[in-house]
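Values in this document were obtained by computation on a predicted structure and should not be read as measured data. Convention: sequence-line order gives letters A, B, ...; per-chain numbering from 1.
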There are 2 protein chains.
Amino acid sequence: MAPVRILVVDALELVHEGLKARYAKSLELDLSAYAPTGETMLLHVAAAPPDLVLLDVSLPVMDGIDAMRALHARHPQVKALAHSLLHGIEYVNSMLLEGASGYLVKNGPPEELPQAVRTVMAGGRHLSPSAREAVDKGYTYTEKRPDGEYIGLTAREREIIRLVALERTNAEISAALFISEDTVKTHRRNLMTKLNVRSTAGLVRYAVDRCWV
Amino acid sequence: MAPVRILVVDALELVHEGLKARYAKSLELDLSAYAPTGETMLLHVAAAPPDLVLLDVSLPVMDGIDAMRALHARHPQVKALAHSLLHGIEYVNSMLLEGASGYLVKNGPPEELPQAVRTVMAGGRHLSPSAREAVDKGYTYTEKRPDGEYIGLTAREREIIRLVALERTNAEISAALFISEDTVKTHRRNLMTKLNVRSTAGLVRYAVDRCWV
DNA sequence: GCATCAATACCCACAAGAGGGGGTTTTGGT
DNA sequence: ACCAAAACCCCCTCTTGTGGGTATTGATGC
């Protein structure tokens with residue numbers, strides 16, 4: 001068997017170097033490829049498609065979820081495995097719905113990556129224990145979206161949530177974006193419903209986790 | 001010259017492995033020691049004091065700022081270098097005031113670590129460019145604490161800010177902690193003043209960044 | 001070419017929550 | 001004895017959250 005060619009996507013190059021060092025002696029994993037952002041990942045895949053993309057969820061600018069969507073849309077044959085320290089259900093669900101074949105939580109035992117890669121390359125799905133637990137537990141506040149369905153945010157909504165996380169009030173946001181305060185409130189309302197959160201705090205956490213601030 | 005014995009403290013073991021691999025050929029850095037948390041770092045330092053501790057700011061349970069304070073209190077002779085992807089002024093100032101000899105932003109050029117270590121071991125202070133920039137720019141909202149002085153949070157305040165970041169309302173927090181809603185509001189007020197933020201959003205970001213949620 | 005839909009933007013009104021001003025009392029530790 | 005932390009209180013304003021709605025645009029489908 002030829003080794004599985006894996007493209008590591010992570011904001012920290014140290015993580016890539018750590019993975020290379022850790023699996024240097026492995027005959028089944030080829031971890032030589034690296035991209036620091038979603039954009040460079042897409043360029044890399046277009047130029048030299050790997051067998052599998054190991055994709056961090058928290059990436060600057062274009063985050064892991066966006067990157068996953070773009071990857072799946074343009075290169076559906078390339079497998080992808082989400083890789084993150086976060087194991088909140090929003091992220092696990094989002095990545096799986098965008099086409100990831102699994103969700104590997106960082107800091108698991110070293111044997112987990114090769115196992116997960118084998119499972120995924122064989123057409124299966126791998127979920128780390130804590131990711132599976134999050135999915136099983138479901139959403140915390142289920143009044144609004146008990147289905148837990150994932151809905152992508154629009155560009156405008158992302159602008160809004162970013163400014164909310166930057167401590168701006170509705171009045172300031174409306175001034176900054178040249179829209180009325182009522183419109184800002186509508187966007188916040190839609191965001192809270194989509195993300196299944198109760199308050200500003202939930203919006204801020206989402207934005208911070210997705211590296212939008 | 002004997003190599004500088006460095007204890008790497010980072011939630012991700014991959015970062016340690018990456019550093020080891022990156023500087024494997026260096027004769028001046030000995031990166032063999034590792035601790036995943038602040039507590040284990042303190043045990044490690046007590047048992048076998050290194051020359052320098054490379055301390056991440058975002059650590060679970062006891063975060064980097066707490067760990068820095070404890071390290072400096074118990075082992076003032078051990079140098080410490082903060083190491084983080086974050087370069088917000090609150091973190092840079094806090095780490096320096098707790099006794100760090102510098103602030104190294106992750107993902108800088110590979111030459112930066114050896115340089116910083118040399119500077120620090122010679123008694124100097126090293127700040128990565130973006131950390132220096134943050135300090136120079138000062139706080140965003142300076143009305144409240146223009147001095148930018150760092151004030152530690154009390155245990156109770158941390159409980160409060162954690163619950164705020166978990167989307168709890170004042171009423172829910174008061175019920176959870178068996179205190180009155182007015183007390184919760186007082187704590188929030190004190191927190192906002194101490195952390196120099198304007199709203200819940202700022203509190204949530206602080207709590208998320210410090211891994212308190 | 002027209003229907004349809006999602007995204008964006010806007011509006012009113014009311015309730016709930018958070019923010020800011022001023023305080024006081026109790027408790028535990030040095 | 002002192003001090004800081006923690007807890008409590010009132011009052012008032014501002015911001016947010018929630019309940020309803022409507023209008024405009026631009027892209028997609030048929």
Side-chain angles (χ1 to χ4, degrees), chain A residues 66 69 73 97 140-147 149-207, chain B residues 66 69 73 140-146 149-207:
Chain A
D66 291 333
R69 184 181 315 117
L97 281 152
T140 317
Y141 303 108
T142 48
E143 313 94 33
K144 288 181 187 168
R145 300 195 56 77
D147 52 353
E149 189 195 340
Y150 168 71
I151 296 186
L153 303 187
T154 67
R156 201 52 156 174
E157 284 168 345
R158 293 184 196 200
E159 291 186 82
I160 305 282
I161 198 175
R162 237 194 105 249
L163 292 169
V164 169
L166 289 170
E167 297 187 73
R168 298 308 200 302
T169 63
N170 290 339
E172 289 170 340
I173 297 173
S174 78
L177 301 181
F178 306 104
I179 56 180
S180 96
E181 208 175 320
D182 287 305
T183 305
V184 178
K185 289 173 103 175
T186 303
H187 284 305
R188 285 182 80 137
R189 217 182 334 195
N190 295 338
L191 280 165
M192 289 175 58
T193 307
K194 282 187 180 181
L195 300 178
N196 213 63
V197 301
R198 309 162 77 199
S199 63
T200 305
L203 296 181
V204 175
R205 280 184 63 191
Y206 192 85
Chain B
D66 291 334
R69 182 176 20 249
T140 318
Y141 303 109
T142 48
E143 312 94 34
K144 289 180 185 169
R145 300 193 56 77
E149 188 194 340
Y150 169 70
I151 297 187
L153 304 187
T154 67
R156 201 52 156 174
E157 285 168 345
R158 293 185 195 198
E159 292 187 81
I160 305 282
I161 198 177
R162 240 194 102 249
L163 291 169
V164 170
L166 289 171
E167 297 186 74
R168 298 305 201 295
T169 64
N170 289 338
E172 289 170 340
I173 297 173
S174 78
L177 301 181
F178 304 105
I179 57 180
S180 96
E181 209 175 318
D182 286 305
T183 305
V184 177
K185 288 173 109 177
T186 303
H187 284 305
R188 285 182 80 137
R189 229 181 328 187
N190 295 338
L191 280 164
M192 290 176 60
T193 306
K194 283 187 179 181
L195 300 178
N196 213 63
V197 300
R198 308 163 77 197
S199 63
T200 305
L203 296 181
V204 174
R205 281 184 63 190
Y206 192 85

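- Distance alone, capped at 3.5 Å, places no donor-acceptor pair between the B:Glu167 side chain and the A:Ala201 backbone.
- A donor-acceptor pair under 3.5 Å is absent between the side-chain atoms of A:Thr183 and the main chain of A:Ile179, judged by distance alone.
- Each of C:dA9, C:dA18, D:dG17 was ranked by its minimum atom distance to the side chain of A:His187; first place goes to C:dA9.
- Between A:Leu203 atom CG and C:dG17 atom P there is a gap of 17 Å when expressed in whole angstrom units.
- For D:dT16, one of the phosphate oxygens OP1 or OP2 lies less than 4.0 angstrom from a side-chain nitrogen or oxygen of A:Asn170.
- Taking 4.0 angstrom as the limit, A:Thr154 places a side-chain polar atom (N or O) nearer than this to OP1 or OP2 of C:dT8.
- Atom CG of A:Leu177 and atom P of C:dA9 are 8 Å apart (whole Å).
- The 5' end of DNA chain D is approached more closely, in terms of each residue's nearest nucleotide, by B:Ala155 than by the other of B:Ala155 and B:Lys185.
- Of the listed nucleotides (D:dT16, D:dC8, C:dC11), C:dC11 has the atom at the smallest distance from the side chain of A:Asp182.
- Across the protein-nucleic acid pair, A:Arg189 atom CZ and C:dA7 atom C1' stand 15 Å apart, rounded to whole Å.
- Between the C1' atom of D:dA6 and the CG atom of B:Asn190 lies a distance of 10 Å, rounded to the nearest Å.
- Using modelled atom types, no side-chain atom of A:Arg162 and backbone atom of A:Ile160 make a donor-acceptor pair closer than 3.5 Å.
- Among D:dG17, C:dA18, C:dG20, the nucleotide with an atom closest to any side-chain atom of A:Met192 is D:dG17.
- A:Glu181 contributes no side-chain N or O that, together with a main-chain N or O of A:Ser174, makes up a donor-acceptor pair within less than 3.5 Å.
- Rounded to an integer number of Å, the gap from B:Glu167 CD to D:dT16 P is 16 Å.
- Residue-level contact check: A:Thr186 touches the bases, meaning some heavy atom is under 4.0 Å from a base atom.
- In this structure, A:Glu159 contributes its side chain and A:Arg156 its backbone to no donor-acceptor pair below 3.5 Å.
- The listed nucleotides are D:dT16, D:dC8, C:dG19; the one nearest the side chain of B:Ser180 is D:dC8.
- For A:Arg198 and D:dG17, the shortest distance from a side-chain N or O to OP1 or OP2 is not below 4.0 Å.
- Nearest to the side-chain atoms of A:Thr183 among the listed nucleotides D:dA6, C:dA9, D:dC8 stands C:dA9.
- For A:Ser199 and D:dT16, the shortest distance from a side-chain N or O to OP1 or OP2 is not below 4.0 Å.
- For A:Arg188 and C:dT8, the CZ to P distance is 17 Å, given to the nearest whole Å.
- Separating the CD atom of A:Glu181 from the C1' atom of C:dA13 is a distance of 14 Å, rounded to the nearest angstrom.
- Out of C:dA9, D:dT18, D:dC8, the shortest distance to the side chain of B:Ile179 is found at D:dC8.
- Spacing between atom CZ of A:Arg158 and atom P of C:dA7 amounts to 12 Å, rounded to whole angstrom units.
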